[in-house]
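Whatever order the structure lists them in is the order used to number ligands and atoms, beginning at 1.
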Amino acid sequence: MYDLIKHYNSNKKEINKTIEKILSKGVLEMGDEVYKFEDNFKKYCGAKYCLTVSSGSMGLLLALRALDIKVNDQVITVANSDIPTSHAITLVGADIKWIDVNEKTFNLNENLLEKNISKKTKVILPVHLFGNPANIEKIRLSSQKYNLKIVEDACLATGAEFENKKIGSFADITVFSTNPGKILDGIGPGGIVTTNNKVLFETLKKLRDYGRSSRPSKWPVKSELVGYNAKMSTINAAVLDLRLKYLEEYIAKRNQNAKLYQNILDSKKIKFQFVLPNCKSSWRNFSIRLKNRNKIYSQLYDKKIRIALGYLPINYKDAYYRKFNNKIRLRVTEKISSEIINLPCHQYMTEKEIVKISKKILALI
Ligand SMILES: Cc1ncc(COP(=O)(O)O)c(C=O)c1O
């Protein structure tokens, strides 16, 4: 789905120089480059505060910890996400309430939200699936009405826009992943957390660094709460900062690729993921829905076209959750999950490659 070698080669010299500089300086943890990147990223997405973390998964966990979510609390989310979305909720001991998604956008169906809110509900955790913004404004209205917090899973949606504004400042806390292969990616696992709330920011910083608020110049370490070692390496932050300069270009190219797919694959037999008006997806991949998905997927696979993720995970059907949730049924989530093929849409795809993939699909449907 991605080409990490082309990605590296596109600015190899800059990357190598940056890495060499940091290794020669020897500040590999919380170096100046980490703070510089955090500063640049918060400006990029218009948030007041930003901190880097060791992964998107860890960012979600820290977000729920910072909001003091725990046993007997409930978090509403979707089931069609990567498993870390649900794991973060389970890891803090809270209950998960999976609700169904909108068939067109594949995102949390905001019209089902309020009837699923109970006394236990504390947080709404929407996912901007494949980079496509969920209806965060409507979700925010419901959250205000019931005094709930919002944590956005924007792990696949760096640079995406809702009503012409970057994702990253709509929720109480927004979490991005910078794992290799993501929209803005580093050279190892990583994540970013943004918020407009200073208190949350201070708590998040402590949680990232063994629970302490400052780095000790001498022992003993003073931990103010129980935290983690969830820091991003200086080298990773520096490479992310370098790539941040090109992020708008990456997103523009991804949008151009998505348009090309839409033009070529225009057929009654294929459905696309719908982007809300005035929103911009960052197109982690281009998803199509087909009735006979499994057959087409295996035919493409047999033709050695390794283009497709043949599935969309359903968290409650995951090996762990299945044991407790075998009665849950979310009609739309299950339907679209059985129909989706994800096509590569990254910035290194050529027009020729997109045409080739699209023609193969058209010939099979
Ligand atoms: C929707 C979603 N949430 C969370 C994550 C977790 O991010 P990470 O891999 O950086 O831990 C992912 C990873 O792909 C994801 O796709």
TODO: With K165 as the cation and F170 as the aromatic partner, state whether NZ or CZ is under 6.0 Å from the six-membered ring centre and within 45° of the axis.
DONE: yes

Lys/Arg N to Asp/Glu carboxylate O, [X] vs [Y], below 4.0 Å:
X	Y	answer
E33	K25	yes
K17	E20	no
K291	E339	yes
K198	E202	yes

Would you say [X] and ligand 1 have an N/O pair spaced under 3.5 Å apart?
X	answer
V127	no
K182	yes
S177	yes
T178	no

Open item on the list: In this structure, is the centre-to-centre distance between the rings of W98 and Y321 below 6.0 Å?
Closed with: yes

Distance filter under 4.0 Å to [X] heavy atoms, resulting ligand 1 atoms:
X	answer
G190	10 (O)
L156	16 (O)
T85	3 (N)

Task: Heavy-atom closest contact (T158 atom, I183 atom, distance) - done: O-CG2, 3.6 Å

TODO: Compare every heavy atom of F130 with every heavy atom of S281, then report the nearest pair and how far apart it is.
DONE: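 Reported closest heavy-atom pair: OG-O, 3.8 Å.
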
TODO: Determine whether the side chain, the backbone, both or neither of M58 has a heavy atom under 4.0 Å from any heavy atom of ligand 1.
DONE: neither

Task: S57, portion touching ligand 1 at heavy-atom distance under 4.0 Å - done: both

Open item on the list: Working note: H7 + Y250, criterion ring-ring contact (aromatic ring centres under 6.0 Å, His included); need CA distance, chi angles, decisive distance, verdict.
Closed with: CA-CA 11 Å; H7 195 29; Y250 301 161; 5.6 Å; yes

Closest protein heavy atom (residue, atom, distance) for [atom]:
atom	answer
atom 12 (C) of ligand 1	D82 OD2, 3.6 Å
atom 4 (C) of ligand 1	C155 SG, 3.4 Å
atom 1 (C) of ligand 1	S81 OG, 3.3 Å
atom 3 (N) of ligand 1	D153 OD2, 2.7 Å

- [ ] Could you name the option among P313, G56, P84 that has the heavy atom nearest to atom 8 (P) of ligand 1?
- [x]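 Comparing heavy atoms across P313, G56, P84, the nearest one to atom 8 (P) of ligand 1 lies in G56.
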
